[in-house]
K.L.:
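First the structure, then my questions, so here it is.
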Amino acid sequence: MRLTGDPAPGTMNSSGSGNFLLVPIPEYPLLDCVPNKTVKIVVLGASNVGKTALIVRFLTKRFIGDYEANTGALYSRKVTLEGEEVSLQIQDTPCVALQDDPEGLYCQEQINRSIYWADGYVLVFSITDHNSYRTIQPLYQHVRRIHPSGNIPVILVGNKSDLLRARQVPANEGETLAASLGGVYFEASARENHEGVHNAFLHLCQEVIRAFGGGNGEKRRGGLHLARPKSPNMQELKRRFRQVLSSKVKSATTL
Ligand SMILES: Nc1nc2c(ncn2[C@@H]2O[C@H](COP(=O)(O)OP(=O)(O)OP(=O)(O)O)[C@@H](O)[C@H]2O)c(=O)[nH]1
């Protein structure tokens, strides 16, 4: 869902303890980004599982229960990961739904674009809704179809862990599913706990940075990495040039 009455834009300091930045931003923002260090995350899942609530909790440390229909807001924030400042962009999405066709999933085109755009994936279900859990496997397959090659940084979040008495999905099912997707399972409550949500998002950011390789946040799109040619070693070039010159001088004097 989309947040009503988004807070006024502010700035987030790198420790995450200052004002927050919670503004929709253009898809390819040029301003206010740490150059070459942008982590793009998309949050996906069935209806009503708490996708927006999790994002808002992560960004503002608050739980806001009053939403209107989600139009897919994009939020940004700077975070410090392993001592380095990184621009984090988080895309909220409308819900996906299971359906009966062979692909098994209804997914708006807008969501497909977000999946293509993203570097890391938060797959969310509600522990109180077994149907939302059942969407995760087809959803992951869908992400795989869009990114057929390479490593897909992913976490699985079982939200609404405060509603234990309404639980329909045991924690071990979440863990098993996450492991089969190659990710980690986090049980969280956007309503009651900031820390669990924070840890989940930061873990995914770290996975994304790791997947980029070298920890510098530079993206290798489509798995194709063209190594930058090494700049010539000027000292070595000068040495060789002097060598050639002196041998020419020698041969000229011996003539
Ligand atoms: N008890 C409880 N309620 C939650 C939690 N997270 C979200 N909710 C509530 O669940 C409802 C759905 O939350 P949203 O964040 O709008 O869920 P969404 O997945 O973005 O929903 P869609 O727009 O349908 O995709 C809201 O009424 C929230 O207040 C949670 O951790 N615990």
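Atoms within a ligand are numbered from 1 in the order they appear, just like the ligands themselves.
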K.L.:
I'd like to know if Lys37 and Glu85 make a salt bridge, using a cut-off of under 4.0 Å between side-chain N and carboxylate O.
P.N.:
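No, no charged N to carboxylate O under 4.0 Å.
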K.L.:
For Asn159, which part has a heavy atom under 4.0 Å from ligand 1: side chain, backbone, both, or neither?
P.N.:
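For Asn159, only side-chain atoms sit under 4.0 Å from ligand 1.
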K.L.:
Number the atoms of ligand 1 from 1 as they appear, then name those within less than 4.0 Å of a heavy atom of Asp162, with their elements.
P.N.:
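The list of qualifying atoms is 1 (N), 2 (C), 30 (C), 31 (O), 32 (N).
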K.L.:
Considering the heavy atoms of Ala53, write down every atom of ligand 1 situated less than 4.0 Å from one of them.
P.N.:
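By the 4.0 Å cutoff, the relevant atoms are 6 (N), 7 (C), 15 (O).
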K.L.:
Which of the numbered atoms in ligand 1 are under 4.0 angstrom from any heavy atom belonging to Ser189?
P.N.:
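Those of ligand 1 that fall under 4.0 Å from Ser189 are 31 (O).
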K.L.:
Show every donor-acceptor pair shorter than 3.5 Å between a side-chain atom in residues 173-186 and any protein atom, with sequence neighbours excluded, or say none if there are none.
P.N.:
unit_1, atom_1, unit_2, atom_2, d
Thr176, OG1, Asn172, O, 2.7
Ser180, OG, Leu177, O, 2.7
Tyr185, OH, Glu187, OE2, 2.6

K.L.:
Can you tell me which residue among Ile152, Val43, Leu139, Leu204 is in a side chain to side chain contact (heavy atoms under 4.5 Å, CB included) with Tyr121?
P.N.:
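Testing each of Ile152, Val43, Leu139, Leu204 against Tyr121, the sole residue satisfying side chain to side chain contact (heavy atoms under 4.5 Å, CB included) is Ile152.
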K.L.:
Any nitrogen or oxygen of Asp92, side chain or backbone, less than 3.5 Å from one on ligand 1?
P.N.:
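No; every N/O pair is 3.5 Å or more apart.
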K.L.:
Between Gly50 and ligand 1, does any nitrogen or oxygen pair lie at a separation below 3.5 Å?
P.N.:
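There is such a contact, yes.
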K.L.:
Measure from NZ or CZ of Arg77 to the centre of the six-membered ring of Phe58 and say whether it is under 6.0 Å with the direction within 45° of the ring axis.
P.N.:
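Here Arg77 passes the 6.0 Å and 45° test against Phe58.
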K.L.:
Tell me, please, which residues at least two apart from Tyr133 pass ring pair (Phe, Tyr, Trp, His ring centres under 6.0 Å).
P.N.:
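With neighbours one apart ignored, the set is Phe125, His130.
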K.L.:
Tell me which part of Thr52 gets within contact of ligand 1: side chain, backbone, both or neither, using heavy atoms under 4.0 Å.
P.N.:
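Contact part for Thr52 vs ligand 1: both backbone and side chain.
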K.L.:
Need the ligand 1 atom indices (1-based, order shown) with element for anything under 4.0 Å from a heavy-atom of Leu163.
P.N.:
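Listed by number with element: 1 (N).
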K.L.:
Do Lys51 and ligand 1 have an N or O pair less than 3.5 Å apart?
P.N.:
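For ligand 1, there is an N or O atom that lies under 3.5 Å from one belonging to Lys51.
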K.L.:
Between the side chains of Ser126 and Asn159, is a donor N or O closer than 3.5 angstrom to an acceptor N or O?
P.N.:
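No donor-acceptor contact under 3.5 Å links the two side chains.
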K.L.:
Please list, in number order, the atoms of ligand 1 under 4.0 Å from a heavy atom of Cys95.
P.N.:
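Every atom of ligand 1 under 4.0 Å from some heavy atom of Cys95: 25 (O).
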K.L.:
Using distance alone, decide if ligand 1 has a nitrogen or oxygen within less than 3.5 Å of any nitrogen or oxygen in Ala190.
P.N.:
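For ligand 1, there is an N or O atom that lies under 3.5 Å from one belonging to Ala190.
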K.L.:
After noting the C-alpha distance and the side-chain angles of Ile41 and Cys205, does the key distance pass the side-chain contact (heavy atoms from CB on, under 4.5 Å) rule?
P.N.:
CA-CA 8 Å; Ile41 285 176; Cys205 290; 3.8 Å; yes
K.L.:
Measuring from non-hydrogen atoms of Gly45 to any atom of ligand 1, is the shortest distance under 4.0 Å?
P.N.:
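No heavy atom of Gly45 comes that close to ligand 1.
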K.L.:
Under the criterion side chain to side chain contact (heavy atoms under 4.5 Å, CB included), which of Gln110, Gln91, His142 is the partner of Ile115?
P.N.:
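It is His142, the one option of Gln110, Gln91, His142 that forms the side chain to side chain contact (heavy atoms under 4.5 Å, CB included) with Ile115.
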